[in-house]
Amino acid sequence: MTKLKQATYRVAGDYDIHVAEAGSGPAVVFLHGSGPGASGASNFRQNIDAFVDAGFRVILPDLIGYGASSKPEGIDYTLQLFTDTVYDALRQHGVERAALVGNSLGGGIALQLTLDHPEFTSSLVLMAAGCVAERESYFVMPGIAKMVSNFGGPDFNLAEQKRLVSNLVHPDFAPNISDELIAERFAVARTQPKDVLVRMRTPDLSPRLGEIKQPIFVLWGLNDEFCPEAHARLFLDSCDDVRAITFARTGHWVQVERAAEFNSYAIDFLKAHKA
């Protein structure tokens, strides 16, 4: 696997945001989703090499509360906080313009960042993007119910970590989840406060989707139990320049469950739209 260069930046609020990077060329920022143990590198490990080999500068920030970034307690983890802190770090990292690749919460951050700083985003690749419905509507999704766990408590263990990660993917794919990934995410999860999930606050950005003029590529698993595949239509109906692909027998992690296809489709899209 490509060796990642590491950097950490102090951003507003005195938080530290960790950024990993590999490759050279047009910048592509990968924005990971939420969940115990998530980080930029672990969420996109099956995509990094393909994008580097295709001539892209791959940038993998850890969101606040995740990976090697600061994990404050006693605060609300708002979409604006995620967006502002990662944007601050990216600018300090020397990124002036980039394509944004976002999964789940990372998709919501990509949307908010584009709305806040349209000059920064060249195009968007969104896998099961969140933040396009009221927060409460996500809570009735079956995947969210399965994510109830003892995360943040002394009884949280590797078996529970594996169960939570397995919930993200279609049952067909679950046996492919490696012990190494579980161990990596468990190490991060043990450093995270419950506030990371309990006090997450996300708005419904769907009324503003029409403001986004950049090309958008939407990918969704038909069997996603966290963000319903029907939300792909929100982009098709609202935005000027959108294409969408749905995958059968696929859950919430298109970029993992369908890694080879995702890499091929997304790289072709980015090359065609001058990331």
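The analysis underlying the following values was restricted to heavy atoms, covering all of them including side chains, and did not include hydrogens, waters or symmetry mates.
Residues Ile245 and Leu222 fall into different hydrophobic clusters, defined by Ile, Leu, Val, Met, Phe, Trp and Tyr side chains chained together at heavy-atom separations under 4.5 Å. Under a hydrophobic clustering in which Ile, Leu, Val, Met, Phe, Trp and Tyr are joined whenever their side-chain heavy atoms come within less than 4.5 Å, directly or via other members, Leu90 and Val125 fall into different clusters. When hydrophobic clusters are built by joining Ile, Leu, Val, Met, Phe, Trp and Tyr residues whose side-chain heavy atoms come closer than 4.5 Å, directly or via intermediates, Phe262 is not grouped with Val169. Placement of Leu79 and Leu234 within a single hydrophobic cluster is found when ILVMFWY residues are connected by side-chain heavy-atom separations under 4.5 Å, directly or transitively. Linking Ile, Leu, Val, Met, Phe, Trp and Tyr whenever their side-chain heavy atoms come within less than 4.5 Å puts Leu126 and Val29 in one cluster.
Checked by atom type and distance alone, the side chain of Arg135 never pairs as donor or acceptor with a backbone atom of Thr202 at under 3.5 Å. Checked by atom type and distance alone, the side chain of Arg243 pairs as donor or acceptor with a backbone atom of Ile216 at under 3.5 Å. Panel note: side chain Asp240, backbone Lys213; no donor-acceptor pair is recorded below 3.5 Å. Side chain of Gln112 to backbone of Asp84: no donor-acceptor contact under 3.5 angstrom is found. The closest donor-acceptor contact from the side chain of Asn103 to the backbone of Met127 lies under 3.5 Å. With Arg208 contributing its side chain and Leu111 its backbone, the two residues share no donor-acceptor pair below 3.5 Å. Gln214 places a side-chain N or O within 3.5 Å of a backbone atom of Pro118 that can act as its donor or acceptor partner. Between the side chain of Glu160 and the backbone N or O of Phe156 there is no donor-acceptor pair closer than 3.5 Å. Distance alone, capped at 3.5 Å, is enough to place a donor-acceptor pair between the Ser149 side chain and the Phe151 backbone. A distance-only check finds a donor-acceptor pair linking the side chain of Ser69 to the backbone of His18 [under 3.5 Å].
The distance from the CG atom of Asp53 to the OG1 atom of Thr2 is 6.0 Å, given to the nearest 0.5 Å. With values rounded to the nearest 0.5 angstrom, Glu21 atom CD is found 4.5 Å from Lys5 atom NZ. In this structure, Ile48 CD1 and Ile59 CD1 are separated by 12.0 Å, a value rounded to the nearest 0.5 Å. Taking NZ of Lys194 as the start and CG of Asn150 as the end, the distance is 8.5 Å to the nearest 0.5 Å. The structure places CG of Leu124 at 6.0 Å from CD1 of Ile212, a figure rounded to the nearest 0.5 Å. The distance from the CD1 atom of Ile17 to the OG1 atom of Thr85 is 4.0 Å, given to the nearest 0.5 Å.
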Can you list the steps and then say if Ser238 with Ser206 is a side-chain contact (heavy atoms from CB on, under 4.5 Å)?
CA-CA 8 Å; Ser238 301; Ser206 60; over 6 Å; no
Check step by step if side-chain contact (heavy atoms from CB on, under 4.5 Å) holds for Arg258 and Tyr265.
CA-CA 11 Å; Arg258 298 286 191 142; Tyr265 287 136; over 6 Å; no
Does Ile75 form a side-chain contact (heavy atoms from CB on, under 4.5 Å) with Asp195? I'd like the steps, not just the answer.
CA-CA 7 Å; Ile75 66 165; Asp195 291 344; 5.9 Å; no
side-chain contact (heavy atoms from CB on, under 4.5 Å) between Phe56 and Lys271: does it pass, once the steps are laid out?
CA-CA 9 Å; Phe56 292 106; Lys271 286 186 171 182; 3.8 Å; yes
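Residues Asn167 and Glu225 form no side-chain contact, since every pair of their non-hydrogen atoms from C-beta on lies 4.5 Å or further apart. Proximity of Pro228 to Met141: side-chain heavy atoms (C-beta onward) are separated by under 4.5 Å at one or more points. Looking at heavy atoms from C-beta onward, Val11 lies in side-chain contact with Gln92 at the 4.5 angstrom threshold. Side-chain contact between Glu257 and Leu168 is absent, with no heavy-atom pair separated by less than 4.5 Å. The side-chain heavy atoms of Pro72 and Tyr15, taken from C-beta on, include a pair separated by under 4.5 Å. With contacts defined as side-chain heavy-atom distances shorter than 4.5 Å, the pair Val165/Gln161 qualifies. Residues Leu219 and Phe269 have side chains not in contact (no heavy-atom distance under 4.5 Å, counting atoms from C-beta outward). Looking at heavy atoms from C-beta onward, Arg249 lies in side-chain contact with Asn223 at the 4.5 angstrom threshold.
Shortest non-hydrogen contact noted between Leu181 and Trp253 is CD2-CZ3, 4.2 Å. Here the closest heavy-atom approach between residue Ser34 and residue Leu197 is recorded as CB-CD2, 4.3 Å. Shortest non-hydrogen contact noted between Asn43 and Asn47 is O-OD1, 4.3 Å. Heavy atoms only, all atoms of each residue included: Leu205 and Gly108 are closest at CD1-O, 3.9 Å. Here the closest non-hydrogen pair linking Cys227 and His252 is SG-CE1, 3.7 Å. Across Ile109 and Thr83, no two heavy atoms sit closer than the pair CG2-OG1, 3.8 Å.
Under the 6.0 Å cut-off for aromatic ring centres, Phe30 and Phe51 qualify, their centroids lying closer than that.
Every residue meeting the side-chain contact (heavy atoms from CB on, under 4.5 Å) condition with Ser39, not counting sequence neighbours, appears here in chain and number order: Ser42, Asp62. With sequence neighbours excluded, no residue forms a salt bridge (Lys or Arg N to Asp or Glu O under 4.0 Å) with Glu134. Every residue was checked against the salt bridge (Lys or Arg N to Asp or Glu O under 4.0 Å) condition with Asp204, not counting sequence neighbours, and none meets it.
Within a 6.0 Å radius of CD in Glu96, other residues, nucleotides and ligands contribute 12 heavy atoms or fewer. When the shell of 6.0 Å around CZ of Arg190 is examined, it contains 12 or fewer heavy atoms from other residues, nucleotides or ligands.
Ring pair Tyr77/Phe82 is tilted by interplanar angle, where 30° to 60° counts as tilted. Using cut-offs of 30° and 60° on the angle between ring planes, the pair Tyr9 and His93 is perpendicular. The aromatic rings of Tyr87 and Phe120 lie perpendicular to each other, with more than 60° between the two planes, well past the 30° mark. Relative ring orientation between Trp220 and Phe235 is described as tilted, the plane-to-plane angle lying within the 30° to 60° band.
Of the N and O atoms on the side chains of Asn157 and Arg163, not one donor lies less than 3.5 Å from an acceptor on the other residue. Between Asp116 and Gln80, the side chains place a donor N or O and an acceptor N or O closer than 3.5 Å (distance only, hydrogens not considered).
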